Amino acid sequence: MNSRHWRVPFLQASRVLEGRNAHPLSGRWALIVLNQPFSRKLFDILWNACEWRVFADGGSNRVRDLLGNEWKSYLPDLITGDLDSIRSDVQQDYTSMDVRVVRDGSLDATDFMKCFDAIKELERRTPQEGDYSVIVLGGLSGRIDQTVHTMSYLYKLRRIRAHVFVATDDDVGWVLDEGEHYISLDRTFLGQTCGLLPVGIESTRLSMKGLQWNWTDHESSLDGDVSTSNWLAADEIWIKTTRPIWWTMSLKLPI
Ligand SMILES: Nc1ncnc2c1ncn2[C@@H]1O[C@H](COP(=O)(O)OP(=O)(O)OP(=O)(O)O)[C@@H](O)[C@H]1O
Ligand SMILES: Cc1ncc(C[n+]2csc(CCO)c2C)c(N)n1
């Protein structure tokens with residue numbers, strides 16, 4: 001049976017406390033900034049964790065507005081998407097700083113997918129350096145069709161990319177493929193709440209340890225039992241699932 005060990009290195013207490021002084025994570029990490037609200041604190045944590053950053057279309061407006069006068073110190077490696085949401089003044093600002101802006105007008109792919117295409121292309125050009133782990137800022141809140149799209153796309157990515165996390169100010173989540181998962185946590189800046197979400201599957205059989213409410217080989221489906229509003233009860237969590245599920249934990253970042 002497939003077995004994985006997970007950490008969430010970008011939420012380690014030492015890094016969160018270092019804030020803007022934190023060094024990039026070891027390994028290759030990429031950040032995708034979507035067009036949804038986020039706090040300066042979360043932005044700083046994720047920006048510093050990653051060595052390569054892309055803004056999805058209107059995500060550029062969010063960063064530009066959040067940073068005010070400091071925006072020139074946070075230039076992305078790429079801005080991409082259909083570019084129907086980025087404001088013209090924002091596009092001009094970034095272009096004037098030589099940021100690469102690539103328009104892809106396809107109506108069959110979202111700006112979110114276009115960002116992953118850019119990461120794939122970068123990996124193709126530099127194969128010896130290995131694949132990126134990816135953090136997506138935004139994507140689990142806002143419009144429900146976009147949220148479901150995020151959930152769907154990460155399901156598909158699980159087969160081709162080892163680490164893709166989605167973070168918002170409310171929570172962090174990712175897909176657990178069928179099999180066993182050991183999740184090691186630094187809970188300093190995590191909230192208590194977590195969820196195991198059988199979305200996009202008929203049903204799964206779930207076992208878990210380390211939570212307040214644990215199941216043993218229990219059937220879970222949207223039409224039946226779902227473990228939402230569960231609580232983290234240990235730093236080591238174990239989950240076994242017969243089908244892929246979404247795992248989410250709430251965040252409690254300092255102001
Ligand atoms: N209201 C929203 N709720 C949730 N996510 C959103 C929302 N708007 C945008 N996003 C995310 O941010 C990305 C960039 O958004 P942007 O607003 O620039 O483009 P869009 O034209 O609305 O989105 P797309 O073209 O991808 O459908 C989207 O691909 C999506 O992942
Ligand atoms: C069956 C089907 N449904 C919706 C779209 C539309 N669509 C999907 S992604 C995208 C780009 C958004 O900027 C658009 C317009 C499609 N092509 N095919």
Side-chain angles (χ1 to χ4, degrees), residues 10 29-47 49-50 52-67 71 74-95 97 99-122 132-158 160-161 163-175 195 197 199-200 228 246-251 253:
F10 52 91
W29 285 77
L31 174 66
I32 298 177
V33 179
L34 300 181
N35 186 6
Q36 276 292 285
F38 44 81
S39 66
R40 179 68 195 262
K41 186 72 199 172
L42 182 62
F43 176 78
D44 281 342
I45 293 166
L46 303 185
W47 181 272
C50 296
W52 193 86
R53 298 104 169 180
V54 53
F55 297 165
D57 193 3
S60 318
N61 305 337
R62 301 277 176 185
V63 177
R64 180 75 181 75
D65 294 346
L66 183 74
L67 296 178
W71 70 275
Y74 296 82
L75 298 177
D77 297 275
L78 177 69
I79 292 173
T80 191
D82 54 7
L83 305 189
D84 64 351
S85 303
I86 187 171
R87 293 197 310 268
S88 57
D89 60 308
V90 172
Q91 185 169 347
Q92 265 167 22
D93 278 346
Y94 282 113
T95 306
M97 295 299 289
V99 170
R100 199 158 68 97
V101 180
V102 176
R103 180 173 177 276
D104 176 345
S106 165
L107 296 180
D108 294 325
T110 61
D111 296 337
F112 178 60
M113 294 158 82
K114 291 166 191 172
C115 289
F116 272 102
D117 290 345
I119 294 173
K120 230 183 299 167
E121 173 58 21
L122 182 62
Y132 277 98
S133 299
V134 180
I135 308 173
V136 181
L137 174 50
L140 289 181
S141 55
R143 254 171 54 199
I144 189 92
D145 65 327
Q146 297 279 29
T147 304
V148 169
H149 171 58
T150 307
M151 298 188 116
S152 156
Y153 204 58
L154 262 72
Y155 263 119
K156 292 177 244 192
L157 286 171
R158 80 183 191 279
I160 54 170
R161 194 171 287 285
H163 301 102
V164 186
F165 299 94
V166 179
T168 68
D169 281 304
D170 291 316
D171 40 30
V172 57
W174 66 93
V175 172
L197 312 178
V199 285
T228 54
W246 262 87
W247 163 247
T248 60
M249 300 181 289
S250 60
L251 287 193
L253 294 178

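As the structure lists them, so they are numbered: ligands from 1, and atoms in each ligand from 1. By convention here, the first residue in the shown sequence is residue 1. Keep in mind that this is a model prediction, so the values were computed, not measured.
- A tilted orientation is assigned to the rings of Y132 and W52, their planes being inclined by 30° to 60°.
- Checked by distance only, ligand 1 and T147 stay at 3.5 Å or farther apart across all their nitrogen or oxygen atoms.
- Distance from atom 16 (P) of ligand 1 to its nearest protein heavy atom, with residue and atom name: S85 OG, 3.4 Å.
- For ligand 1, one of its N or O atoms has an N or O atom of F112 under 3.5 Å away.
- Ranking protein heavy atoms by distance to atom 18 (N) of ligand 2, first place goes to D108 OD1, 4.4 Å.
- Protein heavy atom at the shortest distance from atom 14 (C) of ligand 2 is L107 O, 2.9 Å.
- Looking only at heavy atoms of the protein, atom 17 (O) of ligand 1 is closest to N35 ND2, 2.7 Å.
- Taking a cutoff of 4.0 Å between a charged side-chain nitrogen and a carboxylate oxygen, D77 and R100 do not qualify as a salt bridge.
- Closest protein heavy atom to atom 11 (C) of ligand 2: A109 O, 3.2 Å.
- At least one donor-acceptor pair under 3.5 Å links the side chain of T150 to the backbone N or O of G139.
- Ionic pairing of R87 and D65 is present here: one or more N-O contacts between side-chain nitrogen and carboxylate oxygen are shorter than 4.0 angstrom.
- Not a single donor-acceptor pair under 3.5 Å links the side chain of D111 to the backbone N or O of A56.
- Within the 4.0 Å heavy-atom criterion, the part of D82 lying near ligand 2 is the side chain and not the backbone.
- For the ligand labelled ligand 1, residue S141 lies inside the 4.0 Å heavy-atom shell.
- The shortest N or O to N or O distance between D57 and ligand 1 is under 3.5 Å.
- Considering only non-hydrogen protein atoms, atom 5 (N) of ligand 1 sits nearest to Q146 CB, 3.4 Å.
- S152 places no side-chain N or O within 3.5 Å of a backbone atom of V148 that could act as its donor or acceptor partner.
- The aromatic rings of F165 and H163 sit parallel, their planes meeting at an angle under 30°, below the 60° perpendicular limit.
- Between W47 and Y74, the distance from one ring center to the other falls under 6.0 angstrom.
- The shortest N or O to N or O distance between D84 and ligand 1 is under 3.5 Å.
- For atom 2 (C) of ligand 2, no protein heavy-atom neighbour is present inside the 4.0 Å cut-off.
- Contact atoms of ligand 1 toward R143: 1 (N), 2 (C), 3 (N), 4 (C) (distance under 4.0 Å to a heavy atom of the residue).
- Residue contacts with ligand 1, taken as heavy atom pairs separated by less than 4.0 Å, do not involve H149 at all.
- Ion pairing of K120 with D117 is present here, as a side-chain N (NZ or NE/NH1/NH2) and a carboxylate O approach within less than 4.0 Å.
- Ranking the protein heavy atoms by distance from atom 2 (C) of ligand 1 puts Q36 NE2, 3.2 Å first.
- If you check which protein heavy atom lies closest to atom 19 (O) of ligand 1, you get D111 OD2, 2.9 Å.
- Backbone and side-chain nitrogen or oxygen atoms of G58 are examined, and one is located within less than 3.5 angstrom of a nitrogen or oxygen of ligand 1.
- Atoms of ligand 1 lying under 4.0 Å from any heavy atom of A56, numbered from 1 in the order shown and given with element: 14 (C), 18 (O).
- No side-chain donor-acceptor contact under 3.5 Å links K41 to the backbone of L253.
- Here the side chains of V172 and T248 are not in contact, with every heavy-atom distance at 4.5 Å or above.
- Using a 4.0 Å cutoff on heavy atoms, D82 counts as a contact of ligand 1.
- D57 and S60 share no donor-acceptor pair across their side chains, judged by distance under 3.5 Å alone.
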